Amino acid sequence: MKYDAQPEARDNRNDTYFDKKRLILCAIGGRAIGNLVRKQAQTEKSPLSLRVIDRMASTRISELQALPTRQNDQIRTIYSDVGYWHGTGRYQYHDGEQIDLLAAIAKDGGLRPQYDGLDFAGPKSIISTARSRMYSRAYADMHGKGSAEESRHGSSMFWAASFGGDFVIEQLKEYARDRRTWSRSGRAEIRRQFKDSGGEEWYKKVTTTRTSVQKLFHTGSDIPNNYPILFGVRTGSFEPAQQSRALAITEARSTQPLLFADAITHIEVPQARMEETSAVLETFEHSLPILALEDAERYAAGMKLSELIAGATIRPEY
């Protein structure tokens with residue numbers, strides 16, 4: 001079954017459509033690829049099974065056309081400085097009120113740490129960044145139309161399931177190793193930590209309809225004129241904070257601000273929103289490269305599935 005960018009069954013973002021078999025397949029595949037990618041990093045050799053998976057996936061994630069050479073080179077040059085990614089959106093709800101998140105970030109001069117209690121290793125104020133662009137792009141699309149976003153190299157649900165499978169298995173292993181999970185009081189403590197973190201109400205950031213974080217990747221935001229935003233974060237711009245092994249697979253968390261002046265390499269937004277995004281930055285006297293998400297997705301379509309999951313931004317042959 002093809003994982004194209006705009007499946008007919010996803011035209012209605014508010015439907016209850018979930019191909020559970022396909023999502024389970026993506027999760028299992030994501031776990032397998034994650035293991036193979038880590039093995040490849042250790043041995044510096046590409047396992048045959050990983051090469052086979054890459055070949056099979058090359059035409060099944062999407063049918064996006066390759067970028068012209070000039071645009072491809074431009075993106076590759078910008079990406080050469082990127083080590084991490086942060087996905088968000090133009091607007092969010094805060095205490096029930098809609099806020100212009102991009103304007104707030106621009107006013108602050110970049111990304112600022114926010115309290116997060118979801119990490120199994122303990123709560124702290126952090127900025128969550130991803131090692132893979134596709135992981136952050138799925139979170140960014142959550143602020144747009146979710147799985148219905150067009151011109152995507154794989155939908156937000158595809159990437160959420162692919163990364164989620166690896167994360168969930170590592171999290172279960174982490175729970176099994178933690179002594180708290182072997183007692184009733186310990187399990188209650190973990191549940192209390194999750195509830196206090198606000199994880200059950202994460203949906204309130206982008207929609208007024210109660211739903212799970214998993215389904216948010218599919219349904220997206222109900223805020224009018226909201227759109228996805230991706231920030232590229234410069235390699236070496238922060239020292240990743242201590243975090244759980246499960247989160248460390250996909251994320252690196254910064255306890256320090258990531259400012260436009262030295263840590264943010266560029267911004268990606270839908271092509272139709274580039275001018276207004278630039279105008280917001282100019283209002284606060286910031287100047288950053290702005291890329292069209294559609295072009296960046298076509299760039300991603302030229303990379304292997306394993307490279308995208310591993311967080312590579314440039315093909316090794318370059």
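In this text, all values refer to a predicted model and were calculated from it rather than measured experimentally.
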Show the nearest heavy-atom pair for residues [X] and [Y], with the distance to one decimal.
| X | Y | result |
| --- | --- | --- |
| Leu305 | Ala57 | CD2-CB, 3.7 Å |
| Ser156 | Asp141 | CB-CB, 4.1 Å |
| Ser306 | Val37 | O-CG2, 3.8 Å |
| Val82 | His266 | CG2-CE1, 3.8 Å |
| Asp222 | Thr209 | OD2-N, 4.2 Å |
| Gly144 | Pro228 | CA-CD, 4.1 Å |

Working to the nearest 0.5 Å, report the span between [atom1] of [X] and [atom2] of [Y].
| X | Y | atom1 | atom2 | result |
| --- | --- | --- | --- | --- |
| Thr265 | Asp81 | OG1 | CG | 7.0 Å |
| Arg298 | Leu293 | CZ | CG | 13.5 Å |
| Leu67 | Gln74 | CG | CD | 9.5 Å |
| Gln71 | Leu291 | CD | CG | 10.0 Å |
| Glu251 | Arg131 | CD | CZ | 9.0 Å |
| Arg137 | Met134 | CZ | CE | 4.5 Å |

Mind checking whether [X] and [Y] sit in one hydrophobic cluster, side chains of I, L, V, M, F, W, Y counted as touching below 4.5 Å?
| X | Y | result |
| --- | --- | --- |
| Tyr299 | Ile229 | no |
| Ile264 | Met274 | yes |
| Ile314 | Trp85 | yes |
| Phe284 | Leu101 | no |
| Ile78 | Val233 | no |

Sidechain-backbone polar pair: [X] side chain, [Y] backbone, donor-acceptor under 3.5 Å:
| X | Y | value |
| --- | --- | --- |
| His86 | Ser128 | yes |
| Ser136 | Arg133 | no |
| Ser162 | Phe158 | yes |

So [Y] and [X], do their side chains get closer than 4.5 Å, heavy atoms only?
| X | Y | value |
| --- | --- | --- |
| Ile126 | Pro113 | no |
| Ile249 | Arg38 | yes |
| Asp262 | Arg234 | no |
| Lys39 | Asn35 | no |
| Thr88 | Leu111 | no |
| Glu276 | Tyr227 | yes |
| Gln98 | Pro224 | yes |

Inset, instruction - Kindly determine whether Leu36 and Ile53 satisfy side chain to side chain contact (heavy atoms under 4.5 Å, CB included), including the steps that lead there. - result: CA-CA 10 Å; Leu36 291 170; Ile53 292 172; 4.0 Å; yes
For the residue pair [X] and [Y], categorise the inter-ring angle as parallel (less than 30°), tilted (30 to 60°) or perpendicular (more than 60°).
| X | Y | value |
| --- | --- | --- |
| Tyr139 | Phe217 | perpendicular |
| Phe238 | Tyr84 | tilted |
| Tyr135 | Phe163 | perpendicular |
| Trp159 | His153 | tilted |

Inset, instruction - Report the C-alpha separation of Phe231 and Phe260 in whole Å, then their side-chain angles, then the decisive distance to 0.1 Å, and conclude whether the side chain to side chain contact (heavy atoms under 4.5 Å, CB included) test is met. - result: CA-CA 10 Å; Phe231 292 96; Phe260 291 151; 3.8 Å; yes
Inset, instruction - Kindly determine whether Arg112 and Leu259 satisfy side chain to side chain contact (heavy atoms under 4.5 Å, CB included), including the steps that lead there. - result: CA-CA 8 Å; Arg112 301 282 178 174; Leu259 304 180; 3.7 Å; yes
Inset, instruction - Decide, yes or no, whether a salt bridge links Arg70 with Asp73 under the criterion of side-chain N to carboxylate O below 4.0 Å. - result: no
Going by atom types alone, do [X] and [Y] pair a side-chain donor with an acceptor below 3.5 Å?
| X | Y | value |
| --- | --- | --- |
| Asp166 | Thr250 | no |
| Ser151 | Glu297 | no |
| Tyr91 | Ser221 | no |

Inset, instruction - Would you sort out whether Leu258 and Thr129 count as a side chain to side chain contact (heavy atoms under 4.5 Å, CB included), showing the intermediate values? - result: CA-CA 10 Å; Leu258 301 176; Thr129 73; 3.9 Å; yes
Legend entry - Residue that, paired with Arg90, satisfies side chain to side chain donor-acceptor pair (under 3.5 Å) out of Asn226, Asp100, Asn225: Asp100
